[in-house]
Amino acid sequence: MMQRRFWHALLNACFPARCVSCGQQARNGAWCHACFAALPRIEKGCARCATPLPPSASAWCGACLHRAPPFDATIAACRYTFPLDQLLQDFKYGRRLSLAAPLAQLMTDVCRQSLAAFQEPPTHVVAMPLSAKRQIERGFNQAQELALPVASALKLPLLTDTLRRIKDAPKQATLPWRERHKNVRGAFACHRNLSGHRILLIDDVMTTGTTAAEAAKTLRKAGAENVFIGVLARASTAQETGVP
Ligand SMILES: [Zn+2]
Ligand SMILES: [Zn+2]
């Protein structure tokens, strides 16, 4: 153990870690001080869907007040803007898998803070699944890569092969948002009995909220008592919450 620590310290001294955003020497986990301080945190987000709100707004956004989504709360680490949008693109499409650990750390920190206030915190973690076809194309599921370290840090069991994506929908972003609801309907299946489970469903980014809503519905149908969504990044366009 001592030996491993020594080599680790020596490696760090010879090859100091680089900030994942700007490449300067990292000083705050995976970031340099400046990039860490500039991360686009959500100062105030809707308690249900995490869409960023002005400081004076009520706890829920207009869309959630109008119709509450089928998930109980959303925890989002940052806004889906620079540098998170680029980092997530690199992670997912550029296969920069070394980003999984620092991005998961960011999620873990925010989850810990938020969950401390929950009276009935989650009991299990589930990763947002990809369809089998897309998983084969990409070679990995980014949500699973984030969920593994988050679940382990939060000391919660990660339920794999629980939620399955059975319908591969066209990319949500290419559709008008009213169409997105139809597009994801029936996209998930869950054959496990989740009675008594409170699920933290992890995804990398929430854009419209429709995919998370459909997945949450499926988990509830399988018996889950509560479904909380945990995402690294939340798109900030109010009309894109997709939770009308
Ligand atoms: Zn930096
Ligand atoms: Zn909301």
Side-chain angles (χ1 to χ4, degrees), residues 12 15-91 94 96 98-106 109-111 114-115 117-118 128 172 177-178 180-181 184 200-203 205-217 220 226-244:
N12 263 349
F15 307 102
R18 297 280 152 200
C19 168
V20 293
S21 292
C22 74
Q24 303 273 326
Q25 191 172 339
R27 299 215 176 265
N28 207 328
W31 280 268
C32 68
H33 285 322
C35 288
F36 189 76
L39 283 173
R41 308 276 187 177
I42 300 176
E43 297 303 326
K44 181 183 168 79
C46 168
R48 281 307 269 266
C49 75
T51 197
L53 295 173
S56 57
S58 60
W60 289 19
C61 72
C64 289
L65 278 172
H66 182 67
R67 189 184 293 173
F71 41 80
D72 298 87
T74 301
I75 302 166
C78 289
R79 289 168 190 266
Y80 189 54
T81 54
F82 183 82
L84 269 300
D85 50 356
Q86 277 197 354
L87 290 172
L88 276 171
Q89 296 272 325
D90 286 357
F91 176 42
R96 197 175 154 198
S98 60
L99 284 171
L103 296 179
Q105 183 64 52
L106 203 56
D109 292 345
V110 175
C111 282
S114 305
L115 295 180
F118 281 34
M128 181 69 84
Q172 292 285 73
W177 73 261
R178 278 192 188 281
R180 292 170 181 165
H181 290 274
V184 294
L200 175 63
L201 177 64
I202 301 276
D203 203 357
V205 55
M206 187 195 273
T207 322
T208 65
T210 48
T211 308
E214 186 64 22
K217 259 192 235 165
R220 279 193 186 279
N226 300 91
V227 179
F228 311 105
I229 313 292
V231 290
L232 181 68
R234 179 67 166 100
S236 56
T237 326
Q239 61 270 36
E240 280 210 334
T241 57
V243 199

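Just so it is clear, the values below take in all heavy atoms, side chains as well, and ignore hydrogens, waters and symmetry mates. Along the sequence shown, residues carry numbers from 1. As the structure lists them, so they are numbered: ligands from 1, and atoms in each ligand from 1.
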- Task: Have a look at the Zn ion (ligand 2) and estimate, to 10 degrees, the angle subtended by SG (Cys46) and SG (Cys61).
- Result: 120°
- Number of protein N/O/S atoms that sit closer than 2.8 Å to the Zn ion (ligand 1): 4
- Task: Report the residues that fulfil ring-ring contact (aromatic ring centres under 6.0 Å, His included) with Phe36, sequence neighbours left out, ordered by chain and then residue number.
- Result: none
- Query: Do Lys44 side-chain atoms and Pro52 backbone N/O form a donor-acceptor pair below 3.5 Å?
  - Reply: no
- Could you tell me which residues satisfy side-chain contact (heavy atoms from CB on, under 4.5 Å) with Arg48, sequence neighbours excluded, listed by chain and number? Cys46, Trp60, Cys64, Ala68, Pro69
- Within residues 29-42 or reaching into it, pairs that qualify as side-chain hydrogen bond (donor to acceptor under 3.5 Å, both in side chains) - sequence neighbours excluded: Ser21-Trp31
- Message: Between Asp203 and Arg234 (salt bridge meaning N to carboxylate O under 4.0 Å), is one present in this structure?
- Response: no
- Query: Can you check whether Leu106's main-chain N or O pairs, donor with acceptor, with Asp109's side chain at less than 3.5 Å?
  - Reply: no
